[in-house]
Amino acid sequence: MKNLEVIKILNQIADLLDIKGIEFKPSAYRKASRTIESLNKNIEDIAKQGKLKDLPGIGQGISKKIIEILETGTCKEFESLKKSIPIDYESLLAVEGLGPKSVKVLYKKLNIKNLNDLEKAAKKGKIKKLEGFGEKSENQILQGIDFAKSSGKRFLLGHIYDIALSIENQLKNSREVTKVSLAGSIKRMKETIGDIDILVTSKDPKKTMDLFVNLKDAKDIISKGPTRSSIRLNSGIQVDLRVVKEDEFGSALQYFIGNKEHNVITRKIAISKGYKLNEYGLFKSSKKIAGKDEKEIYNKLGLDYIEPELRENNGEIEAAKKHSLPKLINYNDIKGDLQIHTNFSDGIDTIQAMAKKAKELGYEYIAITDHVGNLSIANSITEKRIDNYLKAFEKAKTEIKIFKGCEVNIKPNGDLDLKNDILKKFDFVVASIHSNFKQTKDLMTKRILKAMENKYVKVIGHPTGRIINARKGYELDLEKLFKKSNETNVILEINAQPERLDLKDIDVKAAVENKCKLIISTDAHNTNSLNYMKFGIATARRGWAEKKDIVNTLSLTNFKKFFDIS
DNA sequence: GCCGTTTTCGGCCCGACTGTTTTCAGTCG
């Protein structure tokens, strides 16, 4: 799939046009880029079918450029832009406070082309002498350089969610604060988060802002005002707090949860109905007709309430208009966790400890699925140790149902790494890929399809093998897997590990559209990681999944029936 | 560059905060 390549180049064209000071075109390129980002199809296939222009935000000009990129790896427009502005704009724009206008001035006046040039110029005090810059902006740039060098990547949802909740709680517990909510991408439970947005109402905004910028975990204050302040935490993530009035809380939430495209469309709908929508409310001329409550705003726009996880401009507005939004799976619908590791293979805690924690989480059943076979890296349970492992299940005294499970490696040819006469001793076999990721799409698809034909396999673990920010998933024809799943009742997993979330949201949506059921598992290697379930559920919700689409929402009795196990 | 129950041309979301200004441009979300 060349989707990522196309996305990257379109974004870079947008950056360069921005620096050139060209209006409106940058946002057109970014919009096209985001459209491709939300696709769960191969852009090359769409191009071959001549259907690029059917995609929103892609017209005559950009479709030609996409074809050029697919054929040659780049496009003339991009190359000539780079020539005319031969600078490392990506890292320069990553410096906090530097935007396209400043980057242009710095290049024209001081010939600053990269972070090194920028640092030298700032240290020599050259920047503060430029018109429009000063002492403070020079200092800010110096600080920003360090940050741009050290990070730049987005944070994983699962790594910062608890931090966000803790800040939310500290605000909630203060006397002045009357309402608190997370907003932005973290409220939408996006897999990666740029910064944490929080919205509050307060009886004493000044006091609340003081409390906020003095939070224990705050390293720097980026800005502070009566309605908006930003801090940077020790972990490096930025947190924005906004204080709004009680009767603006709903409209502010609507505005700040986003995403951007979703908001642009809701605003346009407002305009088409003769209203105006902004963070202060929904207005008819100057009269406010909604604002306190989000639901009210959506309803007055002729839309059903849209859950935050769906607000990605991915069809939710049309569905809300037609009253056909899915009734999303709830965060408390899960009845069991079906991929769990213990100290028998590469986990830390015992079967009993995992079961105890699962009971606390309110589950009715779990499957312990330690690695079996010859996978050396994960301390796999080899044939010799299998009997010991199975006996441990008999010994474990626990209050909830435990399925005797294992995770078995799928070999490059699609065979499993353990013989059938051993596999049959287990109630619950998860099969997954842990090696030879680089096979062709065709081979990889056949490899997994073959594993799905094994009658002992119940689940395919982390089906695409991707690691967020680190490894692309393997090339795979998911539609064929969906079909096979429907034939064989072998279920594809939504792995809830923060760096996996695999299947990912748009793949979940495709699965649901193919009437393919899924299972959500944490792949926990210690008791604490059993808490990751919420990120898997969030991924399911972002993929429009309902309770009925997720197998482990079934009661123990029905779950057993579904898989025909006891 | 895209798009159209106002438009095939003329719009394109808009407000808070900051720093450098003395009324505003740039950045950010």
Give the C-alpha distance, both sets of side-chain angles, the deciding distance and a yes or no for salt bridge (charged side-chain N to carboxylate O under 4.0 Å, His left out) between Glu119(A) and Lys123(A).
-> CA-CA 6 Å; Glu119(A) 191 167 17; Lys123(A) 281 188 174 157; 3.3 Å; yes
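Mapped onto DNA chain B by nearest heavy atom, Gly97(A) and Phe24(A) fall at different nucleotides, with Phe24(A) at the one closer to the 5' end. Along DNA chain B, the nucleotide nearest Ile62(A) and the nucleotide nearest Asp197(A) are compared for position; the residue whose nucleotide lies closer to the 5' end is Ile62(A).
At whole-Å resolution of the value, NE2 in His262(A) and P in dC13(B) are 16 Å apart. Atoms NZ (Lys53(A)) and P (dG1(B)) sit 14 Å apart, rounded to a whole Å. Between the CG atom of Leu17(A) and the P atom of dG1(B) there is a distance of 8 Å, given to the nearest Å. Computed from coordinates, the Glu96(A) CD to dT27(B) P distance equals 12 Å when rounded to whole Å. Regarding Glu23(A), its CD atom lies at a distance of 10 Å from the C1' atom of dC12(B), rounded to whole Å. Atom CG of Leu93(A) is separated from atom P of dG26(B) by 15 Å (rounded to the nearest Å). Taking atom CD1 of Ile265(A) as the reference point, atom P of dC3(B) lies 12 Å away to the nearest angstrom. Look at CD1 on Ile19(A): it is 10 Å from P on dT27(B), rounded to the nearest Å.
Taking the C1' atom of each, dT20(B) and dT27(B) are spaced 14 Å apart, rounded to whole Å. Comparing the P positions of dT21(B) and dA16(B) gives an interatomic distance of 24 Å, to the nearest angstrom. A distance of about 24 Å separates the C1' atoms of dC17(B) and dC12(B), rounded to the whole Å. With both ends at atom P, the span from dG19(B) to dC13(B) equals 28 Å, rounded to whole Å. Comparing the C1' positions of dG1(B) and dT5(B) gives an interatomic distance of 24 Å, to the nearest angstrom. Comparing dC2(B) with dT8(B), their C1' atoms are spaced 12 Å from each other, to the whole Å.
Between Glu513(A) and Lys509(A) there is a salt bridge, with a side-chain nitrogen of the basic residue lying less than 4.0 Å from a carboxylate oxygen of the acidic one. Ion pairing between Glu191(A) and Lys504(A) fails under the 4.0 Å rule for side-chain N and carboxylate O.
The side chain of Ser102(A) has dT27(B) as its nearest neighbour among dC2(B), dC13(B), dT27(B). When each of dT27(B), dC2(B), dG1(B) is scored by its nearest atom to the side-chain atoms of Lys101(A), the top-ranked nucleotide is dT27(B).
The side-chain heavy atoms of Thr201(A) and Val177(A), taken from C-beta on, include no pair separated by under 4.5 Å.
Partners of Phe249(A) by ring pair (Phe, Tyr, Trp, His ring centres under 6.0 Å), not counting sequence neighbours: none found. Residues satisfying the side chain to side chain donor-acceptor pair (under 3.5 Å) test with Asn116(A), not counting sequence neighbours, are none. Listed by chain and residue number, nothing satisfies the side chain to side chain donor-acceptor pair (under 3.5 Å) test with Asn278(A) (two or more places apart in sequence, or in another chain). Scored by the side chain to side chain donor-acceptor pair (under 3.5 Å) test, Asn11(A) finds Ser33(A) as partners (sequence neighbours excluded).
Here Asp240(A) lies in heavy-atom contact (under 4.0 Å) with sugar-phosphate atoms only. At the heavy-atom level, Lys65(A) lies under 4.0 Å from the strands shown only through sugar-phosphate atoms. Across all strands shown, Phe256(A) has no heavy atoms under 4.0 Å from either base or sugar-phosphate atoms. As judged by a 4.0 angstrom heavy-atom cut-off over every strand, Leu98(A) is placed among residues touching the sugar-phosphate backbone only. Residue Pro26(A) is classed as having no contact, given no heavy-atom separation below 4.0 Å to the nucleic acid.
Under the salt bridge (charged side-chain N to carboxylate O under 4.0 Å, His left out) criterion, the residue pairs touching residues 211-224 of chain A are Asp210(A)-Lys224(A), with sequence neighbours excluded.
The base-pairing partner of dT8(B), taking Watson-Crick or G-U wobble contacts with both distances under 3.5 Å, does not exist among the strands shown.
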Just by protein heavy atoms under 4.0 Å, how would nucleotides 14-22 of chain B read 5' to 3' in B, S and -?
-> BBBSSSSS-
